[in-house]
Amino acid sequence: MPSNPKQPTKAPAPQRRDNTPVRNTPARREGGARTPTPQRGAAPTLEAQPTGPKIVELPESIPLRELAARINVSPIDVIRELMQNGVMATINQQLDFDTAAIVASAFGWDARPIAPVLEPAPTAEGAAPAAEAGAPASAHAAPTLRQRLLAQEQAEKLVPRPPVVTVMGHVDHGKTSLLDAIRKTNVAEQEAGGITQHIGAYMVEHNGRKITFIDTPGHEAFTAMRARGAQVTDIAVLVVAADDGVMPQTKEALAHARAAQVPIIVAINKIDKPNANPERVKKELAELGLIPDEWGGNTLFIPVSAKQRIGIEDLLEGILLVAESVDTIKANPNRPAVGTILESQLSKREGATATVLIQNGTLRVGDAFVAGVVSGRVRAMFDHRGQRLKEAPPSTPVSIIGLSDVAEPGDIFEVVEDEREARARAAQNLERRQQAAQTRRTISLEQFFAMAKANQTKKLLLIVKAATQGSLQPLVEQLNKLNETVNTGGENPVKLEVIMQGTGDVSESDVDLAIASKAVILGFEVDIDPVARRKAENDHVDVRLYDVIYKLLEDVEKAMKGLLAPKAVERVVGTAEVRQTFKIAKVGIVAGVRVTSGVATRNATARVVRKGQVVHTGPVASMKRLTEDVKEVRQGFECGIALEGFGEYQIGDVIEFVVQEEQNA
């Protein structure tokens with residue numbers, strides 16, 4: 001950083017990288033910082049206009065973000081000012097006094113030196129506090145694919161690549177509209193006419209620099225991919241409607257983005273609405289730990305209107321600025337390609353096809369590859385416009401033809417020497433996957449203390465669901481207090497962290513997050529939906545449901561102290577569908593069923609599920625096939641079943657047969 005850059009000249013209007021004026025943006029105060037649009041009916045704010053320059057005291061060295069806070073402007077505007085004078089800087093970079101003073105003077109401030117001040121101690125190896133960073137790293141999280149790829153490369157071979165961005169948020173807050181606005185803005189600059197969206201990812205260009213957007217259905221798919229070991233996103237854009245504020249799905253999306261350990265940018269959408277209140281959004285997100293940059297935090301908040309296409313260019317500029325501050329958005333284009341399968345399908349004309357995001361190296365037509373248990377050779381590849389490509393550098397999403405079978409989303413795609421090696425690697429992956437299916441993928445309360453004592457983990461990650469917000473808040477507070485009251489002794493204390501909290505039944509998205517983060521799910525006065533239950537059983541996710549809060553707290557405390565006994569877990573051994581009902585004298589109502597999976601056994605507990613809700617749980621009174629009593633009926637056969645204390649069957653009801661098993665530590 002030069003100590004005496006050229007004295008900046010005050011521009012008459014905010015300028016972009018290419019010196020074009022900023023259009024379609026909210027009103028700005030002096031220096032280019034955003035000013036909230038006055039709300040209808042709000043009292044005007046009167047500010048005394050200073051007669052001379054404002055004075056700010058600065059130390060010998062100051063982070064760019066702190067300088068922006070002291071002179072009351074956005075860090076983006078400080079970075080722009082430096083760039084206009086030939087100085088490249090990131091949001092966390094230290095500026096010497098002379099540079100900071102020149103920047104301050106450009107925004108109407110007179111900088112005065114003060115004695116050096118001590119910086120607050122960093123939380124972990126110089127990282128920002130997790131509450132503000134928006135993407136806290138888990139103490140025991142496995143390295144992501146991106147981190148592993150960078151670790152294998154020599155630093156001099158790495159070059160910057162386009163950032164990969166995922167847009168997340170509440171279902172009604174305008175994610176799709178924002179993505180459409182970004183696409184249309186880019187199309188208007190690049191070509192005449194419309195655009196044909198062939199694949200679920202695309203690239204846009206802003207001021208000569210490219211950005212890749214992953215068009216996912218939402219944070220469920222985002223985390224499901226991460227649960228398979230993939231990590232494709234560099235930056236997450238959290239969309240929040242200015243007229244609606246933070247909603248439950250907003251909090252859920254935020255939890256998933258934080259678990260992915262990626263920087264977060266907040267896009268405050270729908271600012272064109274009469275009842276828009278961006279300041280309320282900032283306040284609500286600040287309470288969740290996302291501190292706006294203009295309040296001294298390190299999260300960019302950018303007001304936009306997807307409908308009016310306001311602030312779209314500011315959002316793209318913000319993404320590029322955040323990308324500059326992340327030193328891991330690099331790749332080596334001069335090596336065989338490595339990437340991730342985003343989606344895959346079977347076409348009658350082209351056979352198996354897949355959308356691949358190239359994360360390192362360059363993919364070329366004719367390359368042999370392996371993707372999980374699938375192999376093949378690239379016969380052809382296309383970009384998001386359907387145009388043929390001969391090669392695809394890092395961060396490029398492409399649709400490829402030439403797979404031996406349909407690949408799984410999230411599988412790692414890797415170019416190998418030839419097709420023979422590709423087939424051999426695919427066979428090895430299949431064998432490993434079959435073996436892995438026999439082992440646990442997540443952690444249980446019983447396993448936690450043993451792992452902590454072996455120094456494999458120091459944190460118990462929890463996902464907490466409760467029936468109401470009124471019971472959720474005190475439950476989380478009591479769990480957090482266990483960090484203070486539980487003393488495990490020795491030099492290796494264990495801690496717990498609630499990474500996600502919400503109301504309602506345990507969902508499939510909760511289970512996906514537990515798989516990706518190796519967390520335990522605790523439910524208080526809630527149930528788990530059938531799809532989530534099956535997924536939790538298949539992936540061995542520890543889901544514990546309680547009706548008594550003290551029992552829940554007692555189990556977690558025992559796990560932290562290493563005293564928890566093995567628990568009895570439920571396992572669904574079979575399911576049957578009700579096809580008909582009969583009324584039999586001295587017996588009552590009997591259900592005629594067909595066993596659709598597993599084994600229906602008389603010794604199991606029967607659970608009647610209707611439209612996703614459990615309507616009865618109880619023992620099996622009798623089970624008959626034809627005229628004989630039987631103990632079990634296997635998949636594909638029919639039988640008659642009577643349940644104790646229940647006779648209100650409906651055609652289409654599903655009966656689950658559940659057995660209790662002891663799960664040892």
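The shown structure was predicted, so the numbers you read here are calculated from the model rather than taken from an experiment.
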Can you check whether His616's main-chain N or O pairs, donor with acceptor, with Arg607's side chain at less than 3.5 Å? no
Is a side-chain donor or acceptor of Asp411 paired with a backbone partner of Ile341 at a separation under 3.5 angstrom? no
Answer yes or no: are there more than 12 heavy-atom neighbours, outside Arg625 itself, under 6.0 Å from its atom CZ? yes
Donor-acceptor contact below 3.5 Å, side chain Arg335 vs main chain Gly361: no
For Gln359 and Gly339, which heavy atoms make the closest approach, and how far apart are they? OE1-C, 3.5 Å
How about Lys210 and Ser395: do any of their side-chain heavy atoms sit closer than 4.5 Å? no
So Thr340 and Ile412, do their side chains get closer than 4.5 Å, heavy atoms only? yes
Do Val239 and Lys175 have side chains that approach each other closer than 4.5 Å (heavy atoms only, starting at C-beta)? yes
Between His206 and Glu313, is there a side-chain donor-acceptor contact under 3.5 Å, judged purely by atom types and distance? no
Which value, rounded to the nearest 0.5 Å, describes the distance between Leu315 atom CG and Ile268 atom CD1? 11.5 Å
Does Lys330 pair with Glu153 as a salt bridge, N-O distance under 4.0 Å? no
Within the structure provided, determine whether Lys535 and Ile515 are in side-chain contact (heavy-atom separation under 4.5 Å). yes
I would like to know whether Ile528 and Asp510 meet side-chain contact (heavy atoms from CB on, under 4.5 Å); could you show each step before the answer? CA-CA 10 Å; Ile528 176 171; Asp510 299 325; over 6 Å; no
So which heavy atom on Arg579 is nearest to which on Ile651, and how close? O-CD1, 3.3 Å
What distance separates Glu343 CD from Ser399 OG, expressed to the nearest 0.5 Å? 8.0 Å
Derivation and outcome, side-chain contact (heavy atoms from CB on, under 4.5 Å), residues Lys307 and Asn269: CA-CA 9 Å; Lys307 185 177 180 180; Asn269 195 20; over 6 Å; no
Checking the side chain of Asp367 only, and the main-chain atoms of Val378 only, is there a donor and an acceptor separated by less than 3.5 Å? no
Apply side-chain contact (heavy atoms from CB on, under 4.5 Å) to Val630 and Phe637, showing your working. CA-CA 12 Å; Val630 292; Phe637 293 94; over 6 Å; no
Between CD1 of Ile182 and CZ of Arg309, what distance do you get to the nearest 0.5 Å? 11.5 Å
Output yes when a side-chain donor or acceptor of Asp539 lies under 3.5 Å from a complementary backbone atom of Val541, and no otherwise. no
Asp512 and Ser509: side-chain hydrogen bond (donor to acceptor under 3.5 Å, both in side chains), yes or no, with the steps? CA-CA 5 Å; Asp512 282 335; Ser509 175; 5.8 Å; no
Is the shortest side-chain heavy-atom distance between Met203 and Pro397 below 4.5 Å? yes
To the nearest 0.5 Å, atom CG of Leu357 lies from atom CG of Leu342 at 5.5 Å
Find out whether Glu638 and Gln580 are in side-chain contact, i.e. whether some heavy atom of one side chain is under 4.5 Å from a heavy atom of the other. no
Where the side chain of Lys465 meets the backbone of Gly502, is there a donor-acceptor pair that is under 3.5 Å apart? no
Ser177 side chain to Asp180 side chain, donor-acceptor N/O pair below 3.5 angstrom: no
Which pair of heavy atoms, one from Ala426 and one from Ser375, lies closest together, and at what distance? CB-CB, 4.2 Å
Checking side-chain contact (heavy atoms from CB on, under 4.5 Å) between Val370 and each of Arg423, Glu419, Glu421, Arg425, which is the one that passes? Arg425
Heavy-atom closest contact (Tyr649 atom, Thr581 atom, distance): CB-CG2, 3.7 Å
To the nearest 0.5 Å, how far apart are CE in Met381 and CD in Gln387? 13.5 Å
Does the side-chain hydrogen bond (donor to acceptor under 3.5 Å, both in side chains) test come out yes or no for Thr353 and Gln345, once each step is laid out? CA-CA 6 Å; Thr353 64; Gln345 56 274 325; 2.9 Å; yes
So, for Phe369 and Gly402, which heavy atoms are closest and what is the spacing to 0.1 Å? CZ-O, 3.9 Å
Checking the side chain of Asp234 only, and the main-chain atoms of Val164 only, is there a donor and an acceptor separated by less than 3.5 Å? yes
Test side-chain contact (heavy atoms from CB on, under 4.5 Å) applied to Thr575 and Val609, Val593, Val595, Thr596, the passing residue: Thr596
Find out whether Ile312 and Leu178 are in side-chain contact, i.e. whether some heavy atom of one side chain is under 4.5 Å from a heavy atom of the other. yes
Any side-chain heavy-atom pair of Asn360 and Asn332 under 4.5 Å: yes
Hey, does the side chain of Asp527 reach the backbone of Asp505 with a donor-acceptor pair shorter than 3.5 angstrom? no
Ser344 side chain vs Val406 backbone, donor-acceptor pair below 3.5 Å: no
Value for OH (Tyr202) from CD1 (Ile214), rounded to nearest 0.5 Å, stands at 9.5 Å
For the residue pair Asn429 and Gly372, what are the closest heavy atoms and their distance? ND2-O, 2.7 Å
Could you walk me through whether Val573 and Val658 pass the side-chain contact (heavy atoms from CB on, under 4.5 Å) check? CA-CA 6 Å; Val573 296; Val658 182; over 6 Å; no
